[in-house]
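What follows is one structure encoded as structure tokens, with my remarks underneath.
So that the names make sense, note that chain A is the first sequence line, chain B the second, and so on, each numbered from 1. Note that this is a predicted model, so its numbers are computed, not measured. FYI, side chains are in, hydrogens and waters are out, and symmetry mates aren't considered; it's all heavy atoms of this structure.
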2 protein chains.
Amino acid sequence: MSAVLSEPVTPSATTGRALREGAFGNARALSCRECGHQVDLGPQYACPECFGPLEVAYDFPAVTREQIEAGPRNIWRYKALLPVPTDIEESPNTEPGFTRLLRAHNLGDKLGIDRLWVKDDSTNPTHSFKDRVVACALSAARELGATTFACPSTGNLANAVAAAGARAGIRTVVFIPSNLERPKQINSAVYTEQLVAVNGNYDDVNRLASEIAGEEEGWAFVNVNVRPFYAEGSKTLGYEIAEQLGWRLPDQVVIPVASGSQLTKVDKAFQELIALGLVEAKPYKIYGAQASGCSPVATAFKDGVDAIRPVKPDTIAKSLAIGNPADGIYVLDICRRSGGTVEDVSDDEVRDGIVLLARTEGIFTETAGGTTVGVLKKLVESGQLDPTLETVVINTGMGLKTIDAVADRVGPAATIDPSYAAFAATNL
Amino acid sequence: MSAVLSEPVTPSATTGRALREGAFGNARALSCRECGHQVDLGPQYACPECFGPLEVAYDFPAVTREQIEAGPRNIWRYKALLPVPTDIEESPNTEPGFTRLLRAHNLGDKLGIDRLWVKDDSTNPTHSFKDRVVACALSAARELGATTFACPSTGNLANAVAAAGARAGIRTVVFIPSNLERPKQINSAVYTEQLVAVNGNYDDVNRLASEIAGEEEGWAFVNVNVRPFYAEGSKTLGYEIAEQLGWRLPDQVVIPVASGSQLTKVDKAFQELIALGLVEAKPYKIYGAQASGCSPVATAFKDGVDAIRPVKPDTIAKSLAIGNPADGIYVLDICRRSGGTVEDVSDDEVRDGIVLLARTEGIFTETAGGTTVGVLKKLVESGQLDPTLETVVINTGMGLKTIDAVADRVGPAATIDPSYAAFAATNL
């Protein structure tokens, strides 16, 4: 980590520039999730006392539904609940969020679920939920005076960072494994001249990123030294679900688990809405979804243990393939406490999930979404999820990014000559 | 055309089912754009008197900004201005529209335009503006009692129809050329079991579609026999631009031209908003954008003639490659009358346009968008567009669908070993 950007210093020391008033909105400190120790808001992610993960803590003022509803049709309508300044809309950003919450009658009928909704984040600016978290990381980078915006990534995160950095006009460097498929390289390279291919796997790229963060000054790595701010962006998924349901919480939510951050933040969002009186308090169950080829959290859940045993990922759901998930233990805690579970499905079930969602609701999802839909199906069939309760399933991204997953599953029903007789003979 | 679906019959005769009250909202007739002859609302697209194109005509009630603003965050907020029933939100559809209108400071700076906006339709459900028109066609198909929803297409339209049909639970058949690249096939096949590959080019596929429409009953081909309803969906682009600017019209708009329908409908939308008192009347200029490899409208504009001479398309901008554009003459009329122009750019300029938009505004557009941005640049440089006036450029789709266009243009700046020393040596 950067000597300047990551040590437990006062934020104003970050780049020698004083933080402006309200740089982080109603956020008041970074608080250790393990020991509760608090430090000033700044580019840190590990507790100086116990090395536990730091999380943004707030002093919320009174916030009303009307204030939120009068805001822009993107995540900044919730700016009072995020670590961003009140003038965040003035700074160029990709304006993500407020994506569709679709009533999924067809999928519900197929699975036997009475009231099912799909929260569809494939319609975000770079077509995944990562635009939400990156927008919050960008704001932190800007307020902290960072001069370079960066990430190591193999996919959605790289796209989101490269796009947000371009629009913000900040120098942006994205690190990818050099063996990444060419279309995925292009999908980030189109936004930035500073795409760096690294000979090695994702772990090597990640290590290099940390090394650079430790040597260079003024770098904001979205998922490293500004991670606490970044992670808060996922709360907006929870806020939007509640608002779009008419300011109430669903009974059950199914969420994919990679690092586990998204699931914990949706829970945090629900709790905040209750505490602020924006929704009525009620019980809700949260379920985690993993691919069997990388299911350390599901395994721990089923084994009834509190510790996550890291695994070596082997699944087509690459965007969920984190073998040692940082927030895994918190996912376990939330799912157990809320009465949910953590389940996993095979790669074949992932593929089935993609086709099922497309053919029932017209949403072409990526492998992460196929995992979540596959797990939803398994949860119903195994009696873990109550089909009579209102349920929301989150789709985090879009299918064109992982199109190979279904290449052998779907295709033309017939290939014909261009005549009516030829068509009639198909009996379609 | 189908004997049942396309003759000038009363709509109730379409499938033997009576039309319900308000099936088409405030629409009152189909009116011939050439001779003004009117026929009842139904599955027709050509004037029975002169074979001119039929267009939806309305009796609008008073409509207020407040009514619109209280509507859903998709195209149905404008349902009073579309040929759809008042309960349209109740019928499963993809809920497209109300996409981002981004203030494009960086692109404006690069091109020397003071106030530039990008209307970004790449965030629609299937990532192009086609979701708007298909949603209107779907409503018409439903109200007319069609039992099959269909289209011939090579790209965006196929995706939009297959997705909308799946979500609506209507039998959907999509016809594509059999030599279409595999990823494009998958991107439609994932939504429907009835994808039909046809040995031939797009013209062959189109002819087959018309033949089938003439032989089969109950088919709604979105861009054939329900085309007048379909085309109205493009008006929502114009409504949204005006509403998102704070209920006023821009001074200049640059719009891609394939059939030319979208451009004419944005103009129609602006005129309707003025007539309804929803925006102040003011002059605005409309510009058409084509790729030089298929630029029959730009050629006619520059030659100062009224007739379009059909061309054989040869451009990477496949979604604009209509050699004989149905609405070309109306595009000429609108651009001339409004003081705009129709311009075209080379395939290399299209590629440049894609990279320029991505690197300035973080939007990865398809070749059609690259064409529009390329033309915008050319319009400024050639003095055809006034850089001191407020300008909107429309992005109709997303870059992953035409990723090959920039495959040779962008890529990693460096490929390095996973060490800080290797990174430092790049001087990035």
4.5 Å side-chain heavy-atom contact, [X] and [Y]:
{"X": "A/Met398", "Y": "B/Met398", "value": "yes"}
{"X": "B/Thr367", "Y": "B/Ile354", "value": "yes"}
{"X": "A/Asp408", "Y": "A/Arg351", "value": "no"}

Which atoms of [X] come close to chain B, meaning under 4.5 Å heavy atom to heavy atom: side chain ones, backbone ones, both, or neither?
{"X": "A/Leu208", "result": "side chain"}
{"X": "A/Arg182", "result": "side chain"}
{"X": "A/Asp120", "result": "neither"}
{"X": "A/Thr360", "result": "backbone"}
{"X": "A/Ala164", "result": "neither"}
{"X": "A/Ile363", "result": "backbone"}
{"X": "A/Asn206", "result": "neither"}
{"X": "A/Glu361", "result": "both"}
{"X": "A/Phe364", "result": "both"}

Chain A contact via [X] - side chain, backbone, both or neither, heavy atoms under 4.5 Å:
{"X": "B/Thr192", "answer": "backbone"}
{"X": "B/Asn124", "answer": "backbone"}
{"X": "B/Asn201", "answer": "neither"}
{"X": "B/Phe423", "answer": "side chain"}
{"X": "B/Arg207", "answer": "neither"}
{"X": "B/Asp204", "answer": "both"}

B/Lys401 side chain to B/Asn156 side chain, donor-acceptor N/O pair below 3.5 angstrom: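 Yes, B/Asn156 and B/Lys401 have a side-chain donor paired with an acceptor closer than 3.5 Å.
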
Check: A/Asn395/A/Thr365 side-chain N/O donor and acceptor closer than 3.5 Å: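 Yes, a side-chain donor-acceptor pair sits under 3.5 Å.
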
Name the option with the most non-hydrogen atom pairs under 4.5 Å to chain A; the candidates are [options].
{"options": "B/Leu357, B/Thr172, B/Asn187", "answer": "B/Asn187"}
{"options": "B/Ser178, B/Ser419, B/Pro92", "answer": "B/Ser419"}
{"options": "B/Leu107, B/Leu400, B/Asp404", "answer": "B/Leu400"}
{"options": "B/Thr415, B/Ile176, B/Val355", "answer": "B/Thr415"}
{"options": "B/Glu193, B/Gln185, B/Glu95, B/Gln194", "answer": "B/Glu193"}

Can you tell me how far apart [atom1] ([X]) and [atom2] ([Y]) are? Round to the nearest 0.5 Å.
{"X": "B/Glu215", "Y": "A/Tyr420", "atom1": "CD", "atom2": "OH", "value": "5.5 Å"}
{"X": "A/Cys151", "Y": "A/Phe175", "atom1": "SG", "atom2": "CZ", "value": "9.0 Å"}
{"X": "A/Thr147", "Y": "A/Arg171", "atom1": "OG1", "atom2": "CZ", "value": "7.0 Å"}
{"X": "B/Ile75", "Y": "B/Tyr239", "atom1": "CD1", "atom2": "OH", "value": "10.5 Å"}

Test salt bridge (Lys or Arg N to Asp or Glu O under 4.0 Å) applied to B/Asp352 and B/Arg409, step by step: CA-CA 9 Å; B/Asp352 289 343; B/Arg409 295 258 157 157; 2.2 Å; yes

Below 4.5 Å, heavy-atom pairs only: which of [options] has the largest tally toward chain B?
{"options": "A/Ala197, A/Ala166, A/Pro412", "value": "A/Ala197"}
{"options": "A/Ala414, A/Gly200, A/Ala424", "value": "A/Ala414"}
{"options": "A/Asp417, A/Val190, A/Val205", "value": "A/Val190"}
{"options": "A/Leu428, A/Val198, A/Thr123, A/Ile416", "value": "A/Ile416"}
{"options": "A/Gly411, A/Ser122, A/Pro125, A/Gly169", "value": "A/Pro125"}
{"options": "A/Ala163, A/Ser188, A/Ala422, A/Pro418", "value": "A/Pro418"}

Derivation and outcome, side-chain contact (heavy atoms from CB on, under 4.5 Å), residues A/Trp76 and A/Asn93: CA-CA 10 Å; A/Trp76 305 132; A/Asn93 68 84; 3.0 Å; yes

Salt bridge (Lys or Arg N to Asp or Glu O under 4.0 Å), paired with B/Arg77, selected from B/Glu69, B/Glu240, B/Glu243: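 Between B/Arg77 and the candidates, salt bridge (Lys or Arg N to Asp or Glu O under 4.0 Å) is satisfied uniquely by B/Glu243.
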
A/Arg73 to B/Phe98 six-membered ring, cation-pi geometry met (6.0 Å, 45°):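 No, A/Arg73 and B/Phe98 do not form such a contact.
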
Minimal non-hydrogen separation, A/Ala358 against B/Tyr191, with atom names: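 Answer, listing the atom of A/Ala358 first, then B/Tyr191: O-CD2, 3.6 Å.
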
side-chain contact (heavy atoms from CB on, under 4.5 Å) assessment of B/Leu138 paired with B/Arg167: CA-CA 11 Å; B/Leu138 175 63; B/Arg167 181 147 166 82; over 6 Å; no

